[in-house]
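The sequence lines fix the lettering, A, B, ..., with proteins before strands; numbering per chain opens at 1. Since this is a predicted model, take the numbers as computed values, not measurements.
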Protein chains: 4
Amino acid sequence: MTIRDEGVEQAARQKAARPKRADAQRNEQALLDAAAAVFVRSGVEAPVRDIAAEAGVGMGTIYRHFPTRADLVVAVYRHQVEACAEAGPVLLAQADSPHAALGQWINLFVDFLVTKHGLAAVLQPGGGFDALHSYFLDRLVPVCARLLSAAIDAGEIRADIDALELMYGIGNLCVGAGNDPRYDARRMVGLLIAGLRQSRPA
Amino acid sequence: MTIRDEGVEQAARQKAARPKRADAQRNEQALLDAAAAVFVRSGVEAPVRDIAAEAGVGMGTIYRHFPTRADLVVAVYRHQVEACAEAGPVLLAQADSPHAALGQWINLFVDFLVTKHGLAAVLQPGGGFDALHSYFLDRLVPVCARLLSAAIDAGEIRADIDALELMYGIGNLCVGAGNDPRYDARRMVGLLIAGLRQSRPA
Amino acid sequence: MTIRDEGVEQAARQKAARPKRADAQRNEQALLDAAAAVFVRSGVEAPVRDIAAEAGVGMGTIYRHFPTRADLVVAVYRHQVEACAEAGPVLLAQADSPHAALGQWINLFVDFLVTKHGLAAVLQPGGGFDALHSYFLDRLVPVCARLLSAAIDAGEIRADIDALELMYGIGNLCVGAGNDPRYDARRMVGLLIAGLRQSRPA
Amino acid sequence: MTIRDEGVEQAARQKAARPKRADAQRNEQALLDAAAAVFVRSGVEAPVRDIAAEAGVGMGTIYRHFPTRADLVVAVYRHQVEACAEAGPVLLAQADSPHAALGQWINLFVDFLVTKHGLAAVLQPGGGFDALHSYFLDRLVPVCARLLSAAIDAGEIRADIDALELMYGIGNLCVGAGNDPRYDARRMVGLLIAGLRQSRPA
DNA sequence: AATGAATGAGACTTCATTCAT
DNA sequence: TATGAATGAAGTCTCATTCAT
């Protein structure tokens, strides 16, 4: 089942017998795509009109599908957050060591974040996207915590690391540096993870 | 010479022979203080009116002293950037080791950033504050680079670290996590710096 | 013949030889009932969507049956206007005196108006419901005029009262006072009718 | 002291030492005049933009002077409400009888209402102008009550009349009939007042 | 030089109406 | 025929910036 299929199935579950009209489905997807593109370009605070134009629909259509801006933002990122969350246990089972699994999972997370420039603002609490913020944390922090625990239990990393804080740190490193190619979020995150291996705090 | 004096002197330098009226000087300083306070509270995109109110002046006065928002933002942070830049060589000369000097200098930088909540946005290129962005980098990256070189030459840290990138990384870690007290930027930066000591990338 | 039957018959008359499909008939009646309910709740300017939802039909169905809002409003109130109009002659024939008949008929009219909160706006000319406005007046003013004449001829009331004006006055008194229970439209209308008995204007 | 003078003096009292700029005063008055005109034409729900255009000012100017629509509506009618309220005791002292004073005062009230077509909507509770509604009632009902009491005490009218209800009734009669010249609110109110003299309810 | 009133572009949101399904 | 998704005009309100005083 693809990510898209999952979304369709879920919609079907929510309203049982009423399948969405084909054009409405197309519009919803067009909106998600358009919003993702505009968020990258102008951030999640981009004018609603811009998103509508990008999707080729009227403004009212956005409000029909996503009554609040947060609804739209959540929808845009939900699939990827889910996929990331679900990858945690899988990696832990497959990798050579807990620390390797942690590193691979964090790479997944970073991959997600660095391609979503507008996301950084969303991850800051207090910006009116608290529901979204909570969703991200609720879903991902436990996954990270489990990976951390395993690595700690294996004696591979320091024991004084908090998953929430680490997620924030990684998220911040992925805020990036505009389009400055000299900044590589992945490399910086690598440095952070390397720091975890230290036997004592610096 | 105090930081305040320096600012005034510089303003004088810009417009050569015309000494500012005493009340104009007072207003300019009041504006800098007010803007700094408002930036912390509401970010650098805070309404001009709020800054004017905080300073107790009319809005026109802001535009007279700082024609663009970037002018104001630069002015607000210039002093502290200067102080931070000048501390680099001093610390290098005084500290026990280049790595220790680097750590101390980065602590200074972090201290600066974490108390300036609105600053994070400013350090992102493309936000209309490019002049400010350049100023920060032009002034601080060389200082950081010199400290890094010294530590590398002393064999204390990895040799593949770029000063610009490190500054971005630290800046990002200082973006914070809203007011979530569970996130400690200093601890995360510590982790990053610890990572520098690793002999190989993670 | 019931009021409901009459409405259906009339609809059939309008489109001569084409009998309406049973479901279309059901929809039309559901719409009339729903609109009446919504008009009471939210006035005749209530969103079309609310009426459609109340009736359990799509919005397009409303536009099919009642191309303009006025068409719907007229249809909603037509039955009751008819019933009121037809009661006039009956009351005149049955009551003890013309003045008594007038009072009873006005009571009928008031009963009608006070339970139709949204109606007041409709009775104002210029609100885009002029056709409806005309219908009300065309149908009811002659009835009222006949009752007035009879009472005047019997020497029971002043002779300088115009039926149209009186209808407007009564309609206005029935506008009410929001939900303020201290206002009783019937009592005020009673005062107005009492004023009719005066031998001279106040 | 004219009504206008009073307004100016009051403004001066409110903010002590800060006299309003001459142009601001002009604008405020222009807005009141424009709003009054537009209210007559289009009702108190008229678009803000229309009022601004009528006054020849920007929309923001309206919001500066009158943050909410209710503020504007209250301001538009305040002077006249005040004048009407203050006339009550004067008329009572001067007229030949309490009933005559009542009639004269009601004439004043009617004069006020019939030239303010948009006002009717405002006097209905629940329309979002409750503060204004309250203001009207708080100010005028006691005046009316005193006139009624005097007339009742003099044995000139029925004793079972409530001032609030009477005000509502008069207000409703003044709602008018669009521009239909055949309806004369004053005549209808006269009928109502005549009804008061009846010894028993009709 | 300082003030803050005025401006008006721009963002948001609602809802009557149309039209693809 | 019925549906309700889509449209976009129209209205509200905010705030950066200008400019009369």
Item to complete: Show your reasoning for whether side-chain contact (heavy atoms from CB on, under 4.5 Å) applies to Val74(A) and Phe66(A).
Response: CA-CA 10 Å; Val74(A) 169; Phe66(A) 308 103; over 6 Å; no
Item to complete: Please step through side-chain contact (heavy atoms from CB on, under 4.5 Å) for the pair Thr68(C) and Val73(C), ending with a clear verdict.
Response: CA-CA 9 Å; Thr68(C) 73; Val73(C) 177; over 6 Å; no
Fill in: Check against side-chain contact (heavy atoms from CB on, under 4.5 Å), Glu28(B) and Leu31(B)
CA-CA 5 Å; Glu28(B) 183 152 334; Leu31(B) 276 171; 5.7 Å; no
Discussion item. Using side-chain contact (heavy atoms from CB on, under 4.5 Å), reason through Ile51(D) and Glu54(D) one step at a time and then give a plain yes or no.
Written reply: CA-CA 5 Å; Ile51(D) 301 170; Glu54(D) 174 87 19; 5.6 Å; no
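The interatomic distance linking Ile62(D) (CD1) with dA5(E) (P) rounds to 16 Å, in whole Å. Summarising the geometry, the separation between CG on Asp50(D) and C1' on dT12(F) is reported as 13 Å, rounded to the nearest angstrom. The CZ atom of Arg64(A) sits 14 Å away from the C1' atom of dT13(E) (whole-angstrom rounding). For the pair Gln25(D) CD and dA6(E) C1', the interatomic distance rounds to 16 Å; values are reported in whole Å. Going from atom CD of Glu45(B) over to atom C1' of dA11(E) covers 15 Å, rounded to whole Å. Protein atom CG of Asp71(B) is 15 Å distant from nucleotide atom C1' of dA16(F), rounded to whole Å.
Between Ala46(A) and Thr68(C), the residue anchored closer to the 5' end of DNA chain E is Ala46(A), taking for each the nucleotide with the nearest heavy atom.
Side chain of Asp33(A) to main chain of Ala30(A): no donor-acceptor pair is present (N/O by atom type, distance under 3.5 Å, no hydrogens or angles). Checked by atom type and distance alone, the side chain of Arg69(A) pairs as donor or acceptor with a backbone atom of Ala46(A) at under 3.5 Å.
In terms of phosphate contacts, His65(B) brings no side-chain nitrogen or oxygen within less than 4.0 Å of OP1 or OP2 of dA1(E). One finds a side-chain N or O of Asn27(B) lying less than 4.0 angstrom from the OP1 or OP2 phosphate oxygen of dA2(E). Distances shorter than 4.0 Å separate some side-chain N or O of Thr61(D) from OP1 or OP2 on dT7(E).
Minimum heavy-atom separation, Ala24(D) to His65(D): O-CE1, 3.6 Å.
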Can you give me the N/O atom pairs linking the protein to nucleotides 17-21 of chain F at distances under 3.5 Å, or say none if there are none?
{"residue": "dT17(F)", "atom": "OP2", "partner": "Tyr63(B)", "partner atom": "OH", "Å": "3.2"}

Discussion item. Both atom distances under 3.5 Å, Watson-Crick or G-U wobble: I'd like the secondary structure of DNA chain E as a dot-bracket string, with | for pairs made across strands.
Written reply: .||||||||||||||||||||
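A tilted orientation is assigned to the rings of Tyr77(D) and Phe39(D), their planes being inclined by 30° to 60°.
Using a 4.5 Å heavy-atom threshold, the side chains of Met59(C) and Ile62(C) count as separate.
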